[in-house]
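Everything on this sheet refers to the single structure shown next.
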Amino acid sequence: MPHCVSNSQIKSQSRILKSTVLLLIVVFFLVSLAQAQPVLSKPNIIIIYADDLGYADVGCYGATQVKTPNIDRLANEGLLFTDGHAPAATCTPSRFAMLTGQYAWRQKGTGIARGDAALIIDPETMTMPDLMKKSGYQTGVVGKWHLGLGPNGGPNWNGRIKPGPLEIGFDYAFLIPATGDRVPCVYVENHHVVNLDPKDPIQVNFKKRVGSEPIGKEHPELLKMHPSHGHDRTIINGISRIGYMTGGKTAHWKDEDMADDITSKALKFIDRNAAEPFFLFFSLHDIHVPRVPHPRFVGKTAMGPRGDAIVQTDWCVGEIMKKLDDLNIADSTLILFTSDNGPVIDDGYQDDAVEKLGKHNPAGPLRGGKYSAFEAGTRVPWIMRWPGKIKPGKSSALVSQVDLPSSFAHLAHVEVPYDAIPDSFNVMDALLGNSKSGRDHLVEQARTLSLRVGDWKWISPAKGARINKNTNTELGNDPKGLLYYLGDDLGEKRELSNAYPEKAREMERLLSQIKENKRSRP
Ligand code: NG6
Ligand code: CA
């Protein structure tokens, strides 16, 4: 019998064929969609923010006189950026820009904040922690703040201290209110000074003396660390500070324990929030002055307290990494390690930093340092690690901390209103290592503003000293402005404004435009 196939069999076979083809098309479509737009799940985010740590202060950026095994491990497992910037060459404007996504020079009153300054971020402003919260993150800040606290006129240290971080998007805060070298020398947790005895209220003043505590200027014999410039007012723990303070004795921090104190608070925050996405701004005090590392780090380098404070910084980073490993959340956590501005050697205390610097070169190949318009002012260590998502290596993409709000918002799938974070670019592709380029231009802030466009760098004309005599830093102030091409002159040695006058004018024009426009975000 010939094998005959019935009509109905043919129909059903063609139906099967059709649906198989359809299925294949759908599968192909889904696969290509998934390839085109990888949907990344929301990682925990930890910003470890060192203070005054220079471009080449750590091993993976070239330091040889100090060992930083934890930071080096982070770099080996992550992406090391060679052109990553703090928004400014000092602390307050850098932090302001990083948290608000707005260049600090657009807002008055964002220079280095006094210890009793009012909060300089308007609680109405959309901030990076606001954006993370919108995406369901638990948000925390632990460590150095230096963005002011309280209403106009400053905080009431003996009452509820607000507005502060909790009013601009953080769920939790444990703070060094300003810096270690400024009063008040107490921690603030959420809205209150920690361990304050109400019978011994705190008074703080930056103009006139309060209380009867001895001051460094009159009683140098009481000091365990002497000032080299400034820093000669109220003595707390044998160190004279900027400003006057009385009371609050039970609340005083111990400088030697500061890294331990803040690290343990950061670890507890991670413990508490390990089950949900969290965003932690872990803001170290090291290696800012006064450099008073814990005794277990003293003598770990031949460089004195500045070098030993770098070892302490590395320990803090190691503790965070260990915690993530212990909780088994390292793979779901993105760490950014960076610094708020460039390096300084003598920043106001006689701590042997100059005498014992030896062969160590904190700025590496760069010119300048903290306070400076030259590259070392803002170009800082910048390491990103997110195992499995960021391919280890090096990147020369131009990125700035002002870009973090936009980039992290993108990662967290949050929509950003048009007028929010006005100078923050989404450079997530560069940060993940998927793109070689970050921003095409960047404004760097010191006393004057500089503009980077690719490898061109223009330092806008500025009055003022060329060298900070106290810190011995080249500032980059020049009445005519300075032009460099970093592509073959990273050290800013060959000034080119005479050779390329048109380029200089074009850069100044572009800078004026960016200043006039209220925003630069695309
Ligand atoms: C300066 C301080 C310096 C440091 C800096 C702020 C003097 C003479 N110098 O005014 O020691 O505290 O402010 O540093 O007081 S920053 O990293 O927080 O911006
Ligand atoms: Ca700083």
Side-chain angles (χ1 to χ4, degrees), residues 47-55 57 85-99 104-105 109-117 120 143-149 175-185 206-207 215-217 225-234 236 239-244 255 258 281-292 305-306 309-310 313 338-351 353-354 362-363 368-372 376-381 401 444-447 464-465 467-473 475:
I47 301 173
I48 308 178
Y49 209 49
D51 197 345
D52 295 0
L53 188 76
Y55 187 77
D57 265 327
H85 290 256
T90 51
C91 162
T92 303
S94 279
R95 286 154 202 259
F96 176 90
M98 179 169 77
L99 291 183
W105 44 264
T110 51
I112 299 173
R114 241 164 58 169
D116 61 351
I120 62 169
K144 174 170 163 176
W145 182 240
H146 212 184
L147 291 163
L149 289 168
L175 309 176
I176 299 157
T179 54
D181 60 353
R182 282 166 176 73
V183 298
C185 300
F206 281 78
K207 288 197 179 126
I215 63 168
K217 200 172 171 176
M225 186 181 271
H226 293 260
S228 56
H229 52 269
H231 305 97
D232 58 1
R233 305 301 148 119
T234 301
I236 311 268
I239 301 169
S240 48
R241 320 269 168 167
I242 305 174
Y244 301 100
D255 298 80
M258 193 176 263
F281 173 27
F282 182 28
S283 178
L284 310 182
H285 185 260
D286 290 312
I287 58 172
H288 197 281
V289 297
R291 302 168 182 131
V292 194
R306 189 177 185 281
I310 297 176
T313 304
T338 187
S339 174
D340 71 338
N341 54 250
V344 56
I345 316 300
D346 175 354
D347 205 17
Y349 290 96
Q350 301 174 39
D351 59 6
V354 175
K370 181 176 179 177
Y371 310 111
S372 172
T378 61
R379 202 188 281 217
V380 287
Q401 291 154 11
E444 303 172 4
Q445 177 180 0
R447 182 199 178 94
I467 292 189
N468 178 328
K469 290 231 173 64
N470 287 328
T471 61
N472 201 19
T473 316
L475 296 172

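Index from 1, following the sequence. Note that ligands are numbered from 1 as they come in the structure, with each ligand's atoms numbered from 1 the same way.
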Ligand-side contact atoms (ligand 1) for residue partner [X], heavy atom cut-off under 4.0 Å:
X	value
Asp51	17 (O)
Ile242	15 (O)
His146	18 (O)
Asn341	17 (O)
Asp181	3 (C), 4 (C), 11 (O), 12 (O)
Asp347	3 (C), 4 (C), 11 (O)

Minimum-distance pair of heavy atoms, taken over all atoms of [X] and [Y]:
X	Y	answer
Pro87	Gln401	CD-OE1, 3.2 Å
Asp340	Lys144	OD2-NZ, 4.4 Å
Lys370	His288	NZ-NE2, 3.7 Å
Val380	His85	CG2-C, 4.2 Å
Ala113	Thr92	N-OG1, 3.1 Å
Ser372	Ala89	O-CB, 3.6 Å

Any N/O pair [X]/ligand 1 closer than 3.5 Å:
X	answer
Asp52	yes
Lys370	yes
Cys91	yes
Thr179	no
Thr90	no

>> Evaluate Ile345 against Thr471 for side chain to side chain contact (heavy atoms under 4.5 Å, CB included), listing each step before the verdict.
In response: CA-CA 7 Å; Ile345 316 300; Thr471 61; over 6 Å; no

Mind checking whether [X] contacts ligand 1 via backbone (N, CA, C, O), side chain (CB onward), both or neither, at a 4.0 Å heavy-atom cut-off?
X	value
Ile112	side chain
Arg241	neither
Tyr371	side chain
Asn470	neither

>> Between Asp347 and Arg291, does the salt bridge (charged side-chain N to carboxylate O under 4.0 Å, His left out) criterion hold? Intermediate values first, please.
In response: CA-CA 10 Å; Asp347 205 17; Arg291 302 168 182 131; 5.7 Å; no

>> Can you tell me how the ring of His231 sits relative to the ring of Tyr349, calling it parallel under 30°, perpendicular over 60° and tilted otherwise?
In response: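 Tilted, since the angle between the ring planes falls between 30° and 60°.
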
> Once rounded to 10°, what is the value of the angle centred on the Ca ion (ligand 2) between Asp51 OD1 and Asp52 OD1?
Replying inline: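 Roughly 80°, rounded to 10°.
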
Looking only at protein heavy atoms, which one is nearest to [atom], and how far off is it?
atom	result
atom 7 (C) of ligand 1	His231 CE1, 3.7 Å
atom 10 (O) of ligand 1	Arg182 NH2, 3.7 Å
atom 8 (C) of ligand 1	His229 CD2, 3.5 Å

>> Does Asn470, at its CG atom, have more than 12 non-hydrogen atoms belonging to other residues, nucleotides or ligands within less than 6.0 Å?
In response: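 Check passes, neighbour count above 12.
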
>> Taking 3.0 Å as the cut-off, does Thr90 contribute an N, O or S atom near the Ca ion (ligand 2), distance below it?
In response: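 Thr90 does not place any N, O or S atom closer than 3.0 Å to the Ca ion (ligand 2).
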
>> Is there a side-chain contact between Ile112 and Thr179 in this structure, where contact means two heavy atoms from C-beta onward sitting under 4.5 Å apart?
In response: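 Not touching, per the 4.5 Å side-chain cut-off.
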
> How about Arg95 and Asp51: do any of their side-chain heavy atoms sit closer than 4.5 Å?
Replying inline: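 The answer is yes; the side chains approach within 4.5 Å.
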
> Checking Arg306 side chain against Val344 main chain: does a donor-acceptor pair fall under 3.5 Å?
Replying inline: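 Confirmed, Arg306 side chain pairs with Val344 backbone.
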
> What N/O/S atom of Asp340 gets nearest to the Ca ion (ligand 2)?
Replying inline: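 Result: OD2.
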
